[in-house]
2 protein chains.
Amino acid sequence: MEATSSTPKRRGPPRSLREDDLLDAALSLVDEGGPEAASVRGIAARVGVAPNAVYTYFRDRSAVIRALVDRLLGGVDHDVFADRSQPWRARVESLALELRRQLATHPGVVPLVIASPLDGPQALTLHERLLEVFADAGLDDVAAARASYLLVTYMLGSVALDVAGALKPGPLPPEPARVAARHSAFAAASADRFPRASAAAATVAAYVSTEQYLWGLRRLLDGVDPESEDAPSAGAEPNGRIATGHGSTCPRSS
Amino acid sequence: MEATSSTPKRRGPPRSLREDDLLDAALSLVDEGGPEAASVRGIAARVGVAPNAVYTYFRDRSAVIRALVDRLLGGVDHDVFADRSQPWRARVESLALELRRQLATHPGVVPLVIASPLDGPQALTLHERLLEVFADAGLDDVAAARASYLLVTYMLGSVALDVAGALKPGPLPPEPARVAARHSAFAAASADRFPRASAAAATVAAYVSTEQYLWGLRRLLDGVDPESEDAPSAGAEPNGRIATGHGSTCPRSS
DNA sequence: ACCTGAACACCGTTCAAGT
DNA sequence: ACCTGAACACCGTTCAAGT
């Protein structure tokens with residue numbers, strides 16, 4: 001939770017008041033009307049200036065979108081994620097849940113995030129910390145880079161698919177409702193032509209999707225974890241050491 | 001490879017000639033100018049009709065996009081993917097590579113795919129077969145549904161992130177060029193503020209991204225594989241047959 | 001069924017001008 | 001530096017009308 005949603009928690013270069021006003025307007029427009037709604041003219045109107053006044057602060061519309069996306073990424077809570085005294089898996093899960101929570105609060109932004117270069121300061125800060133976590137987990141540079149890329153792919157892909165389809169309206173209905181909607185959409189599509197898909201829709205509907213999200217995350221971390229097995233782990237002091245790449249890799253099944 | 005790119009390989013209900021003309025026009029516009037370029041007016045102009053003639057075939061622009069996306073999904077080659085005599089991992093990898101190839105051929109469509117409900121006949125056909133593969137691998141219904149969702153998330157998330165950012169132009173540069181571009185974009189961003197991220201950009205640049213894609217896929221399948229260990233498998237006949245597929249599961253690292 | 005002209009309420013962006 | 005009016009070339013969509 002943040003104090004005010006318009007001031008997420010920044011550490012980067014100071015952004016002009018006016019600039020933040022424009023981004024606030026853009027975000028509220030996206031929240032109300034989806035990704036397309038953040039038009040230059042709409043933003044200007046909401047702030048009370050002429051459309052072309054926006055170009056004093058941003059080169060073009062895409063620059064507005066990029067700034068909006070990066071500012072939103074600044075809203076994820078690093079408390080657990082950045083705490084190097086915590087076990088690395090807990091840190092990763094914390095990031096995953098925090099990022100998902102933040103994006104689910106603004107579903108209209110998700111398509112913008114996934115189409116963005118993710119090279120803003122906030123995105124780089126997240127990436128940096130994620131690499132740190134995997135280094136602390138004992139992965140070498142290459143393994144950490146790959147694991148990090150894999151994780152980002154998973155987190156953003158999940159949220160994007162979650163949000164896809166029923167994206168039109170405003171806030172985003174509660175999770176059970178979303179699951180039910182998704183279920184009926186798939187189940188409706190001829191159970192005899194697609195028997196497995198229909199059945200899968202039914203079974204998936206039985207699981208709230210946050211649980212599915214964590215399940216996938218854990219399967220993925222199992223594949224990346226250098227410790228692998230159930231082994232009580234023992235050592236695993238952060239940063240410094242082991243790194244030998246992940247010895248025995250075999251995972252446990254579902 | 002398909003004979004003509006405009007007739008991917010359909011089995012669904014017959015689509016009118018005119019309808020396919022419109023989708024051909026939409027696809028070529030997207031290929032040339034990105035996702036936004038498939039405008040109703042642009043499509044109509046390319047086909048040589050008045051803008052509102054499009055509404056004879058599609059309810060609105062989003063229906064055009066959905067049809068375009070689903071038709072494109074029909075272009076993935078099922079030869080290995082659907083061959084139940086093949087080991088299941090090979091079938092999954094075949095799908096993953098085929099889907100990626102198909103989407104990389106039309107990068108502008110990727111954002112449209114990821115924002116789509118994926119409930120068209122071609123999407124459901126893919127989903128259906130994917131569930132079949134996991135059933136053949138010995139997963140029960142719930143596990144197969146989850147694994148399938150996880151896989152779709154990974155495939156689409158990967159391609160989306162791959163394409164994100166440098167999306168503006170036409171075809172999509174060759175892979176080494178893309179990797180290099182991505183590298184310099186990240187490395188440029190202050191190596192002292194983001195040391196790990198910069199270093200990771202350098203290391204990731206050393207790997208072509210198809211390899212990274214397969215690496216992630218295998219880590220993920222490791223997490224899902226019911227066989228897990230080295231155990232030679234034995235029983236576990238699913239649906240039809242053996243299904244024990246591929247036997248030893250332990251991956252090679254990096 | 002299929003297409004059209006005309007109109008409506010929108011877009012992003014640029015340019016010359018003002019303070 | 002910051003904002004404006006006016007204009008340009010676009011959008012999606014609807015309506016009434018034609019064949």
Side-chain angles (χ1 to χ4, degrees), chain A residues 13-69 108-109 111-112 115-117 165-170, chain B residues 13-69 108-109 111-112 115-117 165-170:
Chain A
R15 198 131 45 187
S16 87
L17 262 185
R18 204 55 159 171
E19 206 173 323
D20 262 331
D21 286 347
L22 293 173
L23 294 183
D24 287 344
L27 182 56
S28 69
L29 284 167
V30 170
D31 285 343
E32 293 164 21
E36 314 276 72
S39 67
V40 174
R41 294 181 111 103
I43 294 167
R46 188 151 293 202
V47 172
V49 294
N52 45 3
V54 171
Y55 293 86
T56 302
Y57 300 92
F58 298 97
R59 170 175 289 271
D60 55 17
R61 181 177 188 263
S62 84
V64 181
I65 300 300
R66 287 200 308 272
L68 175 63
V69 165
V109 190
L112 305 176
S116 121
L167 188 55
K168 286 295 156 193
Chain B
R15 197 130 47 188
S16 86
L17 262 185
R18 205 58 161 172
E19 205 173 324
D20 262 331
D21 285 347
L22 293 172
L23 295 183
D24 286 344
L27 182 56
S28 68
L29 285 167
V30 169
D31 285 344
E32 293 163 22
E36 314 276 71
S39 68
V40 174
R41 294 181 111 103
I43 293 167
R46 187 151 293 201
V47 172
V49 293
N52 44 5
V54 171
Y55 293 85
T56 302
Y57 301 91
F58 298 97
R59 171 175 287 271
D60 55 17
R61 180 177 189 264
S62 83
V64 181
I65 300 300
R66 288 200 308 273
L68 175 64
V69 165
V109 190
L112 305 176
S116 119
L167 186 57
K168 287 295 160 196

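Each chain gets a letter, A, B and so on, in the order the sequences are listed, and its residues count up from 1.
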One should report the stems of DNA chain C, each a stretch of at least three consecutive Watson-Crick or G-U pairs at distances under 3.5 Å, as C:4-8 with D:12-16, C:12-16 with D:4-8
Is a donor on one side and an acceptor on the other found under 3.5 Å between the side chain of A/Asp60 and the backbone of A/Ala63? yes
Kindly indicate, with the supporting measurements, whether the criterion side-chain contact (heavy atoms from CB on, under 4.5 Å) is fulfilled by B/Val54 and B/Leu22. CA-CA 8 Å; B/Val54 171; B/Leu22 293 172; 4.3 Å; yes
May I ask you to evaluate whether B/Arg18 reaches the phosphate of C/dC3, defined as a side-chain N or O under 4.0 Å from OP1 or OP2? yes
Hits for side-chain hydrogen bond (donor to acceptor under 3.5 Å, both in side chains) against A/Arg61, two or more places apart or cross-chain, chain-then-number order -> none
Hey, could you give me each pair passing side-chain hydrogen bond (donor to acceptor under 3.5 Å, both in side chains) that has a residue in residues 34-43 of chain B? Not counting sequence neighbours. none
Using atom [atom1] of [X] as one end and atom [atom2] of [N] as the other, report the distance to the nearest whole Å.
X	N	atom1	atom2	result
A/Leu22	D/dC3	CG	C1'	12 Å
B/Glu19	C/dC2	CD	P	10 Å
A/Asp21	D/dC2	CG	P	13 Å

With heavy-atom distances below 4.5 Å as the criterion, would you say the side chains of [X] and [Y] are in contact?
X	Y	result
B/Arg18	B/Val49	yes
B/Tyr57	B/Leu23	no
B/Val64	B/Val40	no

Close N or O pairs between protein and nucleotides 9-12 of chain C (under 3.5 Å):
from: C/dC11; atom 1: OP1; to: A/Ser39; atom 2: OG; distance (Å): 3.3
from: C/dG12; atom 1: OP1; to: A/Val40; atom 2: N; distance (Å): 2.8
from: C/dG12; atom 1: OP1; to: A/Arg61; atom 2: NE; distance (Å): 3.3
from: C/dG12; atom 1: OP2; to: A/Val40; atom 2: N; distance (Å): 3.0
from: C/dG12; atom 1: OP2; to: A/Arg41; atom 2: N; distance (Å): 3.1
from: C/dG12; atom 1: N7; to: A/Arg41; atom 2: NH1; distance (Å): 2.6
from: C/dG12; atom 1: O6; to: A/Arg41; atom 2: NH1; distance (Å): 2.7

Identify which nucleotide among D/dT4, C/dC2, D/dT13 has an atom closest to any side-chain atom of B/Thr56, counting heavy atoms from C-beta outward. C/dC2
Pick base, sugar-phosphate or nothing for A/Ala53, based on heavy-atom distances below 4.0 Å to the nucleic acid. base
Once side-chain contact (heavy atoms from CB on, under 4.5 Å) is applied, do any residues pair with B/Ser28, and if so which ones, sequence neighbours excluded? B/Glu32, B/Arg46
